[in-house]
Enquirer: 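Here it is, the structure in full.
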Amino acid sequence: MAMTQALFREDAYLREAQAKVLEVNERGGIRLDRTIFYATSGGQPGDTGRITRVNGEVIEIAGTIAGETKDEIVHLPAPGQPVPGIGDTVKLEIDWERRLKLMRMHTACHLLTVICPYPITGASVSEDDSRVDFDLPDSGVTKEDVSAKLMELVAADHPVSYRWIGDDELAANPSLVKSKNVRPPTGTGRIRLVLIGRDGSIDSQPCGGTHVAFTGEIGDIHIGKIEKKGRENRRFRLRFGPMPA
Ligand SMILES: [Zn+2]
């Protein structure tokens with residue numbers, strides 16, 4: 001089966017694109033030859049938006065998920081939407097306001113792992129509240145201190161860039177992987193590193209999500225809470241806006 005070209009991986013700022021319909025599966029999921037819709041993965045939720053047919057019919061997309069493999073991207077229409085024809089050329093639009101918030105949050109999660117360099121046991125990004133869980137017996141850190149350090153990295157407006165590496169290079173640099181339980185997919189031969197700072201001077205780690213181009217775009221952000229989740233787990237909750245007084 002032909003693969004979907006993941007345009008968001010090369011340019012996370014694409015809000016619109018054209019594509020061809022490859023398949024509509026038995027549950028109505030739409031597969032395209034290329035897409036700007038990010039599929040739920042790595043703690044970042046999939047995109048919502050619209051697919052418009054040449055005849056002007058609009059198909060509201062309620063979510064985007066990976067198919068049987070991560071290279072398959074399935075667009076899930078809301079109930080009662082028109083069904084496109086195979087081979088149709090369609091116009092894609094994502095809900096940009098929502099996506100930009102997710103990009104800002106997701107990038108902030110990377111910065112948090114710079115300030116808290118502990119093994120990550122879980123993460124979930126959402127529009128207004130995200131969480132990162134660390135294997136951390138006793139935090140000894142305060143939300144005020146972590147928030148201030150986060151804002152220093154935001155204010156420095158570090159560039160965010162990408163570099164593709166092979167499985168062998170990742171295997172030779174195991175310290176690149178910060179997740180304790182989740183390993184990046186290997187065996188495909190190509191892994192994308194996300195670099196923060198010039199040449200990754202601040203951070204570099206494998207990630208397939210969408211990020212802002214400069215850390216300054218994150219804007220005001222703070223740690224709302226540090227929760228104890230089990231003996232060796234601390235959950236950090238990230239929220240937009242300045243630290244409440
Ligand atoms: Zn990421």
Enquirer: Would you say the side chains of Gln44 and Thr210 form a donor-acceptor pair under 3.5 Å?
Expert: yes

Enquirer: Under 4.5 Å between side-chain heavy atoms, hopping through other hydrophobics if needed: is there a path connecting Leu100 to Tyr38?
Expert: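 Leu100 does not cluster with Tyr38.
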
Enquirer: Between Glu227 and Arg237, does any side-chain N to carboxylate O distance fall below 4.0 Å?
Expert: yes

Enquirer: Under a 3.5 Å distance rule, please check whether Ser130 uses its side chain to pair with a backbone N or O of Ser126 as donor and acceptor.
Expert: yes

Enquirer: Take Met3 and Arg31 through the side-chain contact (heavy atoms from CB on, under 4.5 Å) test and state the conclusion after the steps.
Expert: CA-CA 9 Å; Met3 292 211 316; Arg31 286 192 50 244; 5.8 Å; no

Enquirer: Quick one: does any side-chain atom of Arg192 pair with a main-chain N or O of Ile165 as donor and acceptor, under 3.5 Å?
Expert: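 Absent.
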
Enquirer: Between Thr4 and Leu32, is there a donor-acceptor pair closer than 3.5 Å when you use the side chain of the first and the backbone of the second?
Expert: yes

Enquirer: If you compare all heavy atoms of Arg98 against all heavy atoms of Thr48, which two are closest, and at what distance to 0.1 Å?
Expert: NH1-N, 3.6 Å

Enquirer: For the backbone of Val212 and the side chain of Thr107, can you confirm whether one donor and one acceptor N or O come within less than 3.5 Å of each other?
Expert: yes

Enquirer: Salt bridge check, Arg234 against Asp133: does any charged N sit closer than 4.0 Å to a carboxylate O?
Expert: no

Enquirer: Output yes when a side-chain donor or acceptor of Arg131 lies under 3.5 Å from a complementary backbone atom of Gly122, and no otherwise.
Expert: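 No, the answer is negative, given that no donor and acceptor are paired below the 3.5 Å cut-off.
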
Enquirer: What are the two closest heavy atoms between Ile226 and Lys143, and how far apart are they?
Expert: CD1-N, 3.7 Å

Enquirer: Quick one: CD on Glu57 to CD on Gln81, what's the gap to the nearest 0.5 Å?
Expert: 9.5 Å

Enquirer: Indicate the atoms forming the closest heavy-atom contact of Tyr13 with Ala213, along with that distance.
Expert: OH-N, 2.7 Å

Enquirer: Are Arg104 and Glu127 close enough for a salt bridge, meaning some N to O gap below 4.0 Å?
Expert: no

Enquirer: Would you say Val125 ends up clustered with Leu150 if hydrophobic residues are merged whenever their side chains have heavy atoms under 4.5 Å apart, either directly or through other cluster members?
Expert: yes

Enquirer: Between the side chains of Asn233 and Thr121, is a donor N or O closer than 3.5 angstrom to an acceptor N or O?
Expert: yes

Enquirer: Check whether Thr40 reaches the backbone of Gly46 with its side chain - one donor and one acceptor, N or O, closer than 3.5 Å.
Expert: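 Side chain of Thr40 to backbone of Gly46: a pair is present.
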
Enquirer: So how far is it from Ser147 OG to Asp220 CG, rounded to the nearest 0.5 Å?
Expert: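 The distance works out to 10.5 Å.
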
Enquirer: Can Val160 be reached from Val154 by stepping across I, L, V, M, F, W or Y side chains whose heavy atoms are under 4.5 Å apart?
Expert: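 Result: yes, single cluster for both.
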
Enquirer: Determine, step by step, whether Tyr162 and His211 satisfy the side-chain contact (heavy atoms from CB on, under 4.5 Å) criterion, reporting the C-alpha distance in whole Å, the side-chain angles of both residues, the deciding distance to 0.1 Å, and the verdict.
Expert: CA-CA 10 Å; Tyr162 302 96; His211 313 83; 3.0 Å; yes

Enquirer: Is it possible for you to say whether Phe214 and Leu111 belong to one hydrophobic cluster, with membership spreading through side-chain heavy-atom contacts below 4.5 Å?
Expert: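 No, it is not one cluster - the side chains of Phe214 and Leu111 are not joined through contacts under 4.5 Å.
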
Enquirer: Tell me, with the steps shown, if Trp96 and Met103 meet side-chain contact (heavy atoms from CB on, under 4.5 Å).
Expert: CA-CA 10 Å; Trp96 175 246; Met103 284 163 53; 4.0 Å; yes

Enquirer: Restricting to non-hydrogen atoms, name the atom on Pro206 and the atom on Leu193 that form the minimum distance, rounded to 0.1 Å.
Expert: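 Heavy atoms of Pro206 and Leu193 come nearest at N-CD2, 3.6 Å.
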
Enquirer: Main chain of Ala19, side chain of Asp33: is a donor-acceptor contact present, judged purely on distance under 3.5 Å?
Expert: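 Pair absent, no side-chain N/O of Asp33 close to backbone of Ala19.
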
Enquirer: Are Phe8 and Phe37 close enough that their ring centers fall under 6.0 Å?
Expert: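 Aromatic pair excluded; centres sit 6.0 Å or further apart.
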
Enquirer: Please find the pair of heavy atoms, one from Val74 and one from Gly29, that lie closest to each other, and give the distance.
Expert: CG1-CA, 3.6 Å

Enquirer: Does a side-chain N-to-carboxylate-O contact under 4.0 Å join Arg99 and Asp47?
Expert: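 Salt bridge between Arg99 and Asp47, a charged N being under 4.0 Å from a carboxylate O: yes.
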
Enquirer: So, Asp167 and Arg190, do they make that salt bridge, N to O below 4.0 Å?
Expert: no

Enquirer: Is Val132 reachable from Met105 through a run of I, L, V, M, F, W or Y residues, each pair having side-chain heavy atoms under 4.5 Å apart?
Expert: yes

Enquirer: Check Glu217 against Asp157 and note the closest heavy-atom contact, atom names and distance.
Expert: N-OD1, 4.4 Å

Enquirer: For atom CG of Asn55, decide whether the heavy atoms of other residues, nucleotides or ligands shown that lie under 6.0 angstrom number more than 12.
Expert: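 Atom CG in Asn55 is packed in, count exceeds 12.
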
Enquirer: Looking only at side-chain N and O atoms, does Thr113 offer a donor or acceptor that is under 3.5 Å from a partner on Gln205?
Expert: yes

Enquirer: Is a donor on one side and an acceptor on the other found under 3.5 Å between the side chain of Thr215 and the backbone of Leu153?
Expert: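 Yes, the answer is positive, given that a donor and an acceptor are paired below the 3.5 Å cut-off.
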
